[in-house]
**Student:** 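Supplied in structure tokens, the structure appears directly below.
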Amino acid sequence: MLAANTIITDSLAPAVAISGIGLLIFGLNNRIMSTATRVRELNRELRQGSEPERISNIRQQIPLFVKRAYLIRNAIFILFGALGMMVFTALAIAMAKLHYVEWPMVPVWTFLGGLVLMMLAVIIEAYETILNLKTLTLDVSHSMAASDNTPDDQPNG
């Protein structure tokens, strides 16, 4: 007969991955909220009117921000899948240890499946980071162009 602490210890082995996935989901949730806030700010600025160059710049940025939001959403959903796989891994380990089922490789495959989903989410977020830099470049380029059009300091006197 197996000791209860052995079953619990072995089935909690995926807990490190579960904690990591939870932290990733938390970070991505914050990221999607800030992206949505930025889209709302740009839309408000667009509705209030601005100079034509700024309107053009905003119209270039908004589709990138929306694409980023969808990428972040997809990464979050994939991470929820990975989280489910890790929880199922813990359950499968416990079930196997209790000899309720004979599936020694199921926990291995579900754990690997969860890791693959985590990797996929990381790849999606890497691409989203590239888009983040594109929106930043558009915003900065407008600011720099606007500052180039301002008159230089006039000498006193």
Side-chain angles (χ1 to χ4, degrees), residues 10-95 103 105-157:
D10 290 348
S11 64
L12 288 178
V16 173
I18 290 170
S19 298
I21 293 168
L23 288 172
L24 285 171
I25 290 171
F26 178 74
L28 291 180
N29 192 41
N30 287 337
R31 199 165 181 160
I32 199 167
M33 296 308 280
S34 67
T35 301
T37 300
R38 185 67 179 135
V39 169
R40 288 185 188 100
E41 290 170 357
L42 289 171
N43 275 325
R44 186 177 314 113
E45 189 176 341
L46 197 59
R47 283 190 306 269
Q48 291 173 349
S50 194
E51 68 267 8
E53 297 85 20
R54 180 63 180 157
I55 290 172
S56 173
N57 186 275
I58 290 171
R59 287 188 175 157
Q60 290 174 4
Q61 285 187 58
I62 288 177
L64 291 173
F65 273 108
V66 171
K67 186 173 184 176
R68 285 180 55 207
Y70 278 108
L71 287 169
I72 296 167
R73 180 213 53 191
N74 293 344
I76 290 171
F77 284 167
I78 289 168
L79 285 173
F80 277 128
L83 185 63
M85 295 289 276
M86 292 303 169
V87 170
F88 185 76
T89 299
L91 184 63
I93 290 170
M95 298 285 283
W103 53 12
M105 290 306 292
V106 169
V108 173
W109 290 111
T110 57
F111 186 79
L112 290 175
L115 290 179
V116 167
L117 290 175
M118 286 175 63
M119 178 58 91
L120 182 59
V122 167
I123 290 168
I124 289 171
E125 275 308 297
Y127 178 61
E128 186 271 332
T129 300
I130 292 168
L131 291 180
N132 183 14
L133 292 175
K134 285 184 180 182
T135 58
L136 181 64
T137 301
L138 282 170
D139 204 26
V140 169
S141 68
H142 173 74
S143 299
M144 297 303 281
S147 68
D148 288 345
N149 294 334
T150 58
D152 292 338
D153 292 333
Q154 300 295 325
N156 291 337

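Heads up: numbering here begins at 1 and tracks the sequence.
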**Student:** Under the criterion side chain to side chain contact (heavy atoms under 4.5 Å, CB included), I'd like the reasoning laid out for Ile58 against Ile62: C-alpha separation, chi angles, the key distance, then a yes or no.
**Tutor:** CA-CA 6 Å; Ile58 290 171; Ile62 288 177; 3.6 Å; yes
**Student:** Determine whether Phe111 and Ile93 make a side-chain contact, defined as any pair of heavy atoms from C-beta on separated by less than 4.5 Å.
**Tutor:**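 No, their side chains stay 4.5 Å or more apart.
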**Student:** Write down the atom of Ala92, the atom of Val106, and the distance for their closest heavy-atom approach.
**Tutor:** CB-CG1, 4.2 Å
**Student:** Within the 4.5 Å heavy-atom criterion, are Asn43 and Val39 side-chain neighbours or not?
**Tutor:**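 Yes, side chains in contact.
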**Student:** Can any side-chain N or O of Thr135 pair as donor or acceptor with the backbone N or O of Leu64 at less than 3.5 Å?
**Tutor:** no
**Student:** Got more than 12 heavy atoms from elsewhere within 6.0 Å of CZ, Arg73?
**Tutor:**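 Enclosed: over 12 neighbouring heavy atoms sit under 6.0 Å from CZ of Arg73.
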**Student:** Does any N or O in the side chain of Thr89 come within less than 3.5 Å of the main-chain N or O of Met85, such that one atom is a donor and the other an acceptor?
**Tutor:** yes
**Student:** Sequence neighbours excluded, which residues qualify as side-chain contact (heavy atoms from CB on, under 4.5 Å) partners of Leu136?
**Tutor:**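 Scan of Leu136 (side-chain contact (heavy atoms from CB on, under 4.5 Å), adjacent residues dropped) gives Leu133, Val140.
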**Student:** Give the C-alpha distance, both sets of side-chain angles, the deciding distance and a yes or no for side chain to side chain contact (heavy atoms under 4.5 Å, CB included) between Leu115 and Met119.
**Tutor:** CA-CA 6 Å; Leu115 290 179; Met119 178 58 91; over 6 Å; no
**Student:** Would you call Arg44 and Glu41 a salt bridge, taking side-chain N to carboxylate O under 4.0 Å as the test?
**Tutor:**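 The answer is no: the pair does not qualify as a salt bridge.
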**Student:** Show your reasoning for whether side chain to side chain contact (heavy atoms under 4.5 Å, CB included) applies to Leu117 and Leu79.
**Tutor:** CA-CA 7 Å; Leu117 290 175; Leu79 285 173; over 6 Å; no
**Student:** Got a sec, which residues hit salt bridge (charged side-chain N to carboxylate O under 4.0 Å, His left out) with Arg54, two or more places apart in sequence or on another chain?
**Tutor:**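 Scan of Arg54 (salt bridge (charged side-chain N to carboxylate O under 4.0 Å, His left out), adjacent residues dropped) gives Glu45, Asp139.
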**Student:** I need the single residue from Gln61, Gln60, Glu53, Arg59 that forms a side-chain hydrogen bond (donor to acceptor under 3.5 Å, both in side chains) with Asn57. Which is it?
**Tutor:** Gln61
**Student:** So, for Arg31 and Asn132, which heavy atoms are closest and what is the spacing to 0.1 Å?
**Tutor:** NH2-ND2, 3.9 Å
**Student:** Are Ile32 and Arg68 side-chain neighbours, meaning at least one heavy-atom pair lies under 4.5 Å?
**Tutor:** no
